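Mind looking over this structure? Questions follow.
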Amino acid sequence: MIENKENTNFIHQIIEKDLLEGKNDKRIHTRFPPEPNGYLHIGHAKAIILSFSTAEKYNGLCNLRFDDTNPMKEEEEFVKSIKENVKWLGYDWADRCYFASNYFEKMYDYAVQLIKKGSAYVCDLNGEEIRKYRGTPKMSGENSPYRDRSVDENLELFKKMRDGEFSTGEKTLRAKIDMSSSNMNMRDPIMYRIIHSEHHNTGNKWCIYPTYDWAHGLEDSIENITHSLCTLEFEDHRPLYDWFLDELNVYHPQQIEFSRLNLNYTIMSKRKLAELVENKYVTGWDDPRMPTISGLKRRGYTPEAIRDFVGRIGISKNEGVVDMALLEHCLRDDLNKKALRFMAVLNPIKVVIDNYPENQTEELEAINNPEDESAGKRKLPFSKELYIEKDDFMEDAPKKFWRLTVGREVRLRYAYFIKATSISKDENGEITEIHCTYDPETKGGNAPDGRKVKSTIHWVSAKDAIDTEVRMYDRLFSISNPLSDKEKSYLEFINPDSLKILENCKLEPNLKNINNGEAVQFERNGYFILDKDSNDKKQIFNLAVTLRDQWKKIQKNKK
RNA sequence: UGCGGUGUAGCUCAAUUGGAAGAGCGGCGGCCUUUGGAGCCGAAGGUUAGAGGUUCAAAUCCUCUCACCGCAGCCA
């Protein structure tokens, strides 16, 4: 009855119509074309996943293409990290990793073709003059005084541009379109500019470089792309994309635009993210609080969670802001099925079981993942002195607090029922120890007489615990839209609690052998991942995302 | 308002293209539970930006209005 309409969107509808009409011999070929000028973020992940998964869905291909037309901004380092990120997200471009810069010669020939047609000319105007001649959105521009140069003169000058006879910025090659067009992009756009600068791929071979508008459609055409998917800000460029390809009379892919991803409590601007890194608000591009793909990875996000997220938000031309809660939900959803569970006490307080034999240690059995029986079981050491979470004990327990308090019995997970009998305090009135008794009959966590307890808490045997540092991460910004304030900079809204370092965490000994990069669940706390800052002497875990927490909600609602 | 876009539940998207406005997330309530997790169930939530028009029938077509976004780089 309900049709399978997963992941349907307006782009797929266009594609399905094209397929039906037999366009492009029913071939589907997309591309992901980043400029290698920085690190990728979750917004790019949306584009990557859209382009690659669309190709997958229709048995097509997707190219990875570096749009490296500006030597001033691009670096090999970024090529490397972009490749890693795309691969990590789970996509394979096979042997189709291309560079726009490898098409420079071809593009040059096409430009000569346009000059010969009288559709392009060499212009001597400088930047400021070009701006003046261009006019404004509401006011028509004026023709450049160099617009009517002869074909021969243009050919000769363009050759000289290439040969390095002019200095940076001295001349440009422009398309001859319409200086009075209502679309600013059609007012004789620049096709080539002179930049005497080394290029990461072509070195010093070229000193003229194609602009995006001239290059991009050609790149798509050369690679036989069928559907060129890009973000909304290129909508106004589509007429120009089409104009170049039509003028050249070459294979003509279709450009389709969709809206960028915006997430609340973070920012997506490359420039601003760079500012966070440069001014040390974060530790680097892969800081676990960053929305970069490498940051997300280090935070404990999985490719599956990110792909699920992108699938759920859908594709449209509507510019909205997606709730971070959805991203977090997707991570929990994925990790709940996969992550092994462990006991970890983040804010420890000592529990002494007065009636438990001194020097005795037992091994108790624990389930590794209740969602996955095949994950098996493990042994937990239990002894007289334990750590439990500070928050799991309250001297004056309020209503609905079901955890430990003096006189109440709770269950230690996989172990025994214990009852708190008294507490010791230091001179400041801080609780130092909680004294309890245990019921030997309740081993494993069930009472033979059938009595129930209201809560189950986690614990770690004191003498067996591993000491570690745990980095508790929270949202980078404390308000939903850090860019919304007209007066204040987004920097003023950085969440001061976005990182809290817990130095004195006590982990169950089994965590010693955990694999790098494998997310685990600390029971009742959340999902964590071993950080790369760990070494032989010290493990460091990052909080990926907390578990949903009813008690926290009750407390919050009280306020 | 020069041109180009976008307005459907708190958020993100659907609605077989003119045929009974729906899902996921969030929030709320309940059940269950050896994670206050997970899971299950339920109700709430809509003048489809607004006004007119065409039609037996409009989120969908037409007209007007409003709000928001993009465009004046030799960036992409």
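In what follows, chains carry the letters A, B, and so on, assigned in the order in which the sequence lines appear, proteins first and then strands, with residues in each chain numbered from 1. Here the structure is a predicted model, which means the values were calculated and not measured.
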Integer-rounded Å distance: B:A72 P and A:Lys138 NZ = 15 Å
Have a look at A:Arg187 and say if it touches a base, only the backbone sugar-phosphate, or nothing, with a 4.0 Å heavy-atom cut-off.
-> nothing
Report which part of the nucleic acid A:His458 touches: base, sugar-phosphate, or nothing (heavy-atom distance under 4.0 Å, all strands).
-> nothing
Using 4.0 Å as the upper bound for N to carboxylate O, is an ion pair formed by A:Lys338 and A:Glu371?
-> no
What does A:Pro370 touch in the nucleic acid at a heavy-atom separation under 4.0 angstrom: a base, only the sugar-phosphate, or nothing?
-> base
Residues A:Glu74 and A:Asn37: side-chain donor-acceptor under 3.5 angstrom | no
With the side chain defined as heavy atoms from C-beta on, A:Lys317 is closest, among B:U6, B:C74, B:U35, to B:U6
Atom-to-atom span, CG of A:Asn368 to P of B:A38 - whole angstrom = 20 Å
Any idea if B:U63 is syn or anti, going by the 90°-from-0 cut?
-> anti
Expressed in whole Å, how much space separates the P atoms belonging to B:U60 and B:A51?
-> 12 Å
Base, sugar-phosphate alone, or nothing: which one does A:Gly127 contact when heavy atoms must sit under 4.0 Å apart?
-> base
For atom P, what is the distance between B:U47 and B:A21, given to the nearest Å?
-> 14 Å
Give A:Gln521 one of three labels, base, sugar-phosphate or nothing, depending on what nucleic acid heavy atoms sit under 4.0 Å from its own.
-> base
Would you mind classifying the nucleic acid contact of A:Val453 as base, sugar-phosphate or nothing, using non-hydrogen atoms under 4.0 angstrom?
-> nothing
Rounded distance in Å between the C1' positions of B:A72 and B:A67 = 24 Å
Have a look at A:Arg413 and say if it touches a base, only the backbone sugar-phosphate, or nothing, with a 4.0 Å heavy-atom cut-off.
-> base
Could you give the NZ-to-P distance, from A:Lys338 to B:G37, as a whole number of Å?
-> 22 Å
Could you state the CG-P distance from A:Asn9 to B:A14, rounded to the nearest angstrom?
-> 7 Å
Using a cut-off of 4.0 Å on non-hydrogen atoms, how would the nucleic acid contact of A:Phe401 be classed: base, sugar-phosphate, or nothing?
-> base
Could you give the distance separating B:A20 and B:A57 at their C1' atoms, to the nearest angstrom?
-> 11 Å
Comparing A:Gly169 and A:Asp236 on RNA chain B - which has the more 5′ nearest nucleotide = A:Asp236
Using purine N1 to pyrimidine N3 plus N6-O4 or O6-N4 for Watson-Crick, or N1-O2 and O6-N3 for G-U wobble, each under 3.5 Å, what pairs with B:U12?
-> B:A23
With a distance cut-off below 6.0 Å to the six-membered ring centre and an angular limit of 45° from the axis, does A:Arg31 pair with A:Tyr98 as a cation-pi contact?
-> no
A:Ser316 near the nucleic acid: base, sugar-phosphate alone, or nothing, with a heavy-atom cut-off under 4.0 Å?
-> sugar-phosphate
Base, sugar-phosphate, or nothing for A:Tyr209, non-hydrogen atoms under 4.0 angstrom?
-> nothing
Would you indicate what A:Thr69 reaches in the nucleic acid, counting non-hydrogen atoms under 4.0 angstrom: base, sugar-phosphate, or nothing?
-> sugar-phosphate
For A:Met324 and B:G10, what is the distance between atoms CE and C1' respectively, to the nearest whole Å?
-> 18 Å
Complementary nucleotide for B:G2 - Watson-Crick or wobble, under 3.5 Å = B:C71
Check every strand shown and say whether A:Arg341 touches a base, only sugar-phosphate, or nothing at a heavy-atom separation below 4.0 Å.
-> base
When you check the gap from the basic side-chain N to the acidic O, do A:Asp439 and A:Lys419 get nearer than 4.0 Å?
-> no
Check whether any side-chain nitrogen or oxygen of A:Lys452 sits under 4.0 Å from OP1 or OP2 of B:U33, and answer yes or no.
-> no
Checking all strands, does A:Tyr192 fall into the base, sugar-phosphate, or nothing category for heavy-atom contacts under 4.0 angstrom?
-> nothing
For nucleotides B:C69 and B:U55, find the distance between their P atoms and express it as a whole number of Å.
-> 38 Å
Look up atom OG in A:Ser53 and atom CZ in A:Arg307, then write down how far apart they are to the nearest 0.5 Å.
-> 9.5 Å
Does A:Arg411 make a cation-pi contact with A:Phe417 (under 6.0 Å, within 45 degrees of the axis)?
-> no
For B:U33 versus B:U48, give the span between their P atoms, rounded off to a whole number of Å.
-> 44 Å
Identity of whatever pairs with B:C66 - Watson-Crick or G-U, under 3.5 angstrom = B:G7
Starting from C1' on B:A76, measure out to CD1 on A:Ile190 and report it in whole angstrom.
-> 15 Å
Verify the ring-centre separation between A:Tyr527 and A:Phe522: is it less than 6.0 angstrom?
-> no
Using a cut-off of 4.0 Å on non-hydrogen atoms, how would the nucleic acid contact of A:Lys400 be classed: base, sugar-phosphate, or nothing?
-> base
So, are A:Glu257 and A:Arg238 salt-bridged, with charged N and O less than 4.0 Å apart?
-> yes
Looking only at atom P, what distance separates B:C25 and B:U65, rounded to whole Å?
-> 41 Å
How long is the line joining CE of A:Met179 and P of B:A72, in whole Å?
-> 14 Å
Taking the same atom, C1', in B:U8 and in B:A76, what whole-Å distance lies between them?
-> 33 Å
Integer-rounded Å distance: B:A72 C1' and A:Ile177 CD1 | 16 Å
Does B:G73 adopt a syn or an anti glycosidic conformation, taking syn as a chi angle within 90° of 0?
-> syn
